[in-house]
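Numbered from 1 within each chain, the chains take letters A, B, ... in sequence-line order.
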Number of protein chains: 2
Amino acid sequence: MMSIHGHEEDIALQTRSIRDVIYEKLKEAILSEQYKAGHHLKERELAKQFGISTTPLKEALRRLEQEGLVTTSARRGTFVSSDIMNSVEEINWARSALEGVAARLAALKITDEEVGMLTETTVQMRIYTEAKNTEQLIALNGHFHKLIRTYAKNNYIFQQIEAIHSFDRSFRKKALSHEDELERGFQEHYAIYQAIVAKDADLAEKLMIGHIRRTIEFVKESKAAAKAKS
Amino acid sequence: MMSIHGHEEDIALQTRSIRDVIYEKLKEAILSEQYKAGHHLKERELAKQFGISTTPLKEALRRLEQEGLVTTSARRGTFVSSDIMNSVEEINWARSALEGVAARLAALKITDEEVGMLTETTVQMRIYTEAKNTEQLIALNGHFHKLIRTYAKNNYIFQQIEAIHSFDRSFRKKALSHEDELERGFQEHYAIYQAIVAKDADLAEKLMIGHIRRTIEFVKESKAAAKAKS
DNA sequence: ATATAATATCTGATATATCAGATATCAAAT
DNA sequence: ATTTGATATCTGATATATCAGATATTATAT
């Protein structure tokens with residue numbers, strides 16, 4: 001059996017640069033609302049806190065800025081954007097489109113050997129779904145999507161998806177906490193799997209897009225519900 | 001008639017930071033192929049050349065990196081993306097997907113005023129198509145697509161398309177050289193226009209994706225033909 | 001001549017220092 | 001009490017210095 005783990009990126013990443021580490025940390029903190037909307041992210045303060053200089057920190061902030069999670073006003077400061085959810089949603093629309101083409105390309109290009117790997121993963125997903133093992137399932141789902149974008153054999157799309165796929169990580173867990181969502185997620189993944197194996201590119205793309213966009217809606221709804229409660 | 005120009009962003013930019021200026025300069029230089037694919041962009045050298053320090057330069061490079069225009073390898077260097085540039089086809093798959101969602105979002109969000117602008121552009125396109133004015137038509141086509149991704153009101157997708165868009169600037173011209181292609185192009189644009197105005201999001205996305213993927217095929221074919229001739 | 005190891009050099013990554021705009025503070029004037 | 005303006009202070013923007021990996025070079029051994 002192949003190894004499934006949530007942090008594939010630990011491997012083969014020789015000395016992750018500080019800016020990348022900090023970027024991840026800040027992003028996680030913002031998405032998990034440790035830093036709330038409007039919070040002032042002070043360069044010096046954070047640098048001191050993390051025990052680094054301001055240079056890599058600044059680079060991390062730049063990236064967050066481009067993704068819309070923070071807003072920087074010259075010589076005033078960098079602040080957590082007022083509407084993070086909007087940024088996340090924006091990025092997820094892009095993700096749905098990109099993972100959609102990836103599924104199409106995978107359907108067009110997948111080899112017999114790769115079908116085997118994808119099948120194996122799907123079998124595992126069924127088992128863990130029935131066992132309601134959410135933890136393992138999250139890892140497997142991630143693996144499933146990664147296999148597909150790998151088999152698409154399109155480097156640009158692969159990189160682009162890699163850059164943004166983590167944006168719903170904090171929500172994914174929440175989404176899978178509902179039992180019916182667990183089952184539904186598997187059904188969708190299985191349908192995508194079938195379409196790719198059948199080399200039905202149109203269907204594969206359509207299903208993948210629908211799958212991701214539905215999760216966007218799901219996240220939006222649960223957020224709205226959380227907001228209404230407070 | 002409305003004015004068509006590429007630099008609306010000149011207005012209202014108080015004290016543009018050095019990093020922004022440098023970012024634009026580098027981007028322009030890459031797109032105009034002053035810096036060819038694979039070219040090594042050396043931080044110190046460029047900083048000296050521009051008469052600035054490496055800090056803002058580094059920030060500009062980071063941004064270009066995220067957009068995929070350059071690739072940075074730790075402690076080796078930053079290079080103008082070559083593998084990506086080479087496979088215009090790879091990148092265009094992404095473009096079709098992203099412009100597709102953009103069309104969907106535009107259909108969902110477009111306002112009456114924006115419909116007016118889009119209509120005006122479409123009218124112009126018809127006129128220039130009938131007049132077989134290829135030069136103007138290229139500009140208008142670009143404008144048409146830009147309006148749509150603007151009306152999508154999704155900053156992330158907008159940026160991503162703009163970045164991709166810049167890659168195939170050179171070869172787009174080729175696609176419109178054939179007369180029947182001219183006419184066909186207009187028909188497709190018009191259909192997309194109608195779908196958006198009718199707020200038929202599904203159709204708008206589908207048509208846009210089809211439109212772009214067909215031009216990918218068209219360019220591939222003419223490329224192959226040109227190769228066979230040589 | 002080729003392979004290999006020592007080393008010099010180039011380059012990005014990071015740290016630190018300085019500059020300048022923006023805001024806050026507070027005193028003087030009305 | 002309110003306004004105004006001088007000034008102190010905070011903060012991001014930029015510049016410069018240092019660190020460390022990667023590559024090229026050269027010398028040495030076989």
Side-chain angles (χ1 to χ4, degrees), chain A residues 9-27 29-30 35-82 159 163, chain B residues 9 12-27 29-30 35-84:
Chain A
E9 51 272 23
D10 294 358
I11 313 162
L13 272 182
Q14 66 287 44
T15 44
R16 279 160 52 87
S17 63
I18 293 181
R19 70 158 171 271
D20 290 342
V21 175
I22 297 299
Y23 159 76
E24 291 284 343
K25 282 190 181 178
L26 289 177
K27 181 172 78 171
I30 292 171
Y35 295 132
K36 295 188 176 58
H39 186 269
H40 191 172
L41 298 170
K42 303 176 187 178
E43 291 188 351
R44 284 183 240 265
E45 188 179 296
L46 288 171
K48 194 174 173 185
Q49 207 168 306
F50 287 122
I52 60 168
S53 82
T54 62
T55 311
L57 190 91
K58 177 182 287 284
E59 293 181 276
L61 288 177
R62 260 346 119 238
R63 183 165 172 195
L64 291 169
E65 185 181 14
Q66 203 177 357
E67 290 170 344
L69 295 187
V70 306
T71 305
T72 299
S73 176
R75 286 165 226 280
R76 273 183 17 90
T78 298
F79 306 87
V80 175
S81 293
S82 52
Q159 284 179 221
Chain B
E9 53 273 19
L13 274 180
Q14 72 286 44
T15 42
R16 286 157 50 83
S17 63
I18 292 182
R19 70 157 171 272
D20 290 342
V21 175
I22 297 299
Y23 159 77
E24 303 230 338
K25 281 191 182 180
L26 288 178
K27 185 172 179 179
I30 291 171
Y35 295 131
K36 295 188 178 59
H39 185 269
H40 191 172
L41 298 171
K42 303 176 185 178
E43 291 187 352
R44 284 182 238 265
E45 188 179 296
L46 288 172
K48 195 175 174 186
Q49 209 169 306
F50 288 122
I52 60 168
S53 82
T54 61
T55 312
L57 190 91
K58 178 184 288 284
E59 293 181 278
L61 288 177
R62 277 317 138 253
R63 183 163 170 195
L64 292 169
E65 186 182 11
Q66 200 180 356
E67 289 176 354
L69 295 183
V70 305
T71 305
T72 300
S73 176
R75 283 164 227 280
R76 272 180 20 88
T78 298
F79 306 86
V80 175
S81 300
S82 55
D83 48 338
I84 289 173

side-chain contact (heavy atoms from CB on, under 4.5 Å) between B:Tyr35 and B:Leu69, intermediate numbers included: CA-CA 11 Å; B:Tyr35 295 131; B:Leu69 295 183; over 6 Å; no
Whole-Å gap separating P (C:dA13) and CD (A:Glu59): 7 Å
Given C:dA13, D:dA15, C:dA22, the nucleotide with the shortest approach to the side chain of B:Pro56: D:dA15
Nearest-neighbour nucleotide for the B:Ile52 side chain, C:dT16, D:dG12, D:dA15 considered: D:dA15
Sugar-phosphate, base or nothing in reach of A:Leu57, heavy atoms under 4.0 Å: nothing
Atom-pair distance (CG on A:Leu41; P on D:dA13), nearest Å: 13 Å
Atom pair distance, as rounded to whole Å: CD1 in A:Ile18 and P in C:dT16: 11 Å
Contact under 4.0 Å: B:Arg44 side-chain N or O vs C:dC10 OP1/OP2: no
Atom pair distance, as rounded to whole Å: CD in B:Glu43 and P in D:dT14: 15 Å
Spacing of B:Phe50 atom CZ relative to D:dA15 atom C1', expressed in whole Å: 17 Å
A:Thr55, nearest nucleotide to its side chain (from C:dA22, C:dA15, D:dT11): C:dA15
Under 4.0 angstrom between B:His40 side-chain N/O and C:dG12 OP1 or OP2: yes
Presence of A:Ser53 side-chain N/O under 4.0 Å of C:dA15 phosphate oxygens OP1/OP2: yes
d(CG, A:Asp20; C1', C:dT14) in whole Å: 14 Å
Between P of C:dT11 and CZ of B:Arg76, the distance in whole Å: 12 Å
Gap between atoms CZ and C1', on A:Arg16 and D:dA20 respectively (whole Å): 19 Å
Reported CD1-to-CD1 distance for the pair A:Ile52 and A:Ile22, which is rounded to 0.5 angstrom: 4.0 Å
Nearest to side-chain heavy atoms of B:Arg75, which nucleotide of D:dG21, D:dT14, D:dA13: D:dG21
Side-chain ion pair, A:Arg62 and A:Glu59, N-O less than 4.0 Å: no
Touch class at under 4.0 angstrom, heavy-atom based, for B:Ile22 against every strand present: nothing
Presence of A:Lys58 side-chain N/O under 4.0 Å of D:dG12 phosphate oxygens OP1/OP2: no
Atom pair NZ (A:Lys58) and OG1 (A:Thr78), whose distance is rounded to the nearest 0.5 Å: 7.5 Å
Residue mapping more 5' on DNA chain C - nearest nucleotide basis, B:Lys42 or B:Thr54: B:Lys42
Donor-acceptor pair, side chain of B:Ser81 and main chain of B:Gly68, under 3.5 angstrom: yes
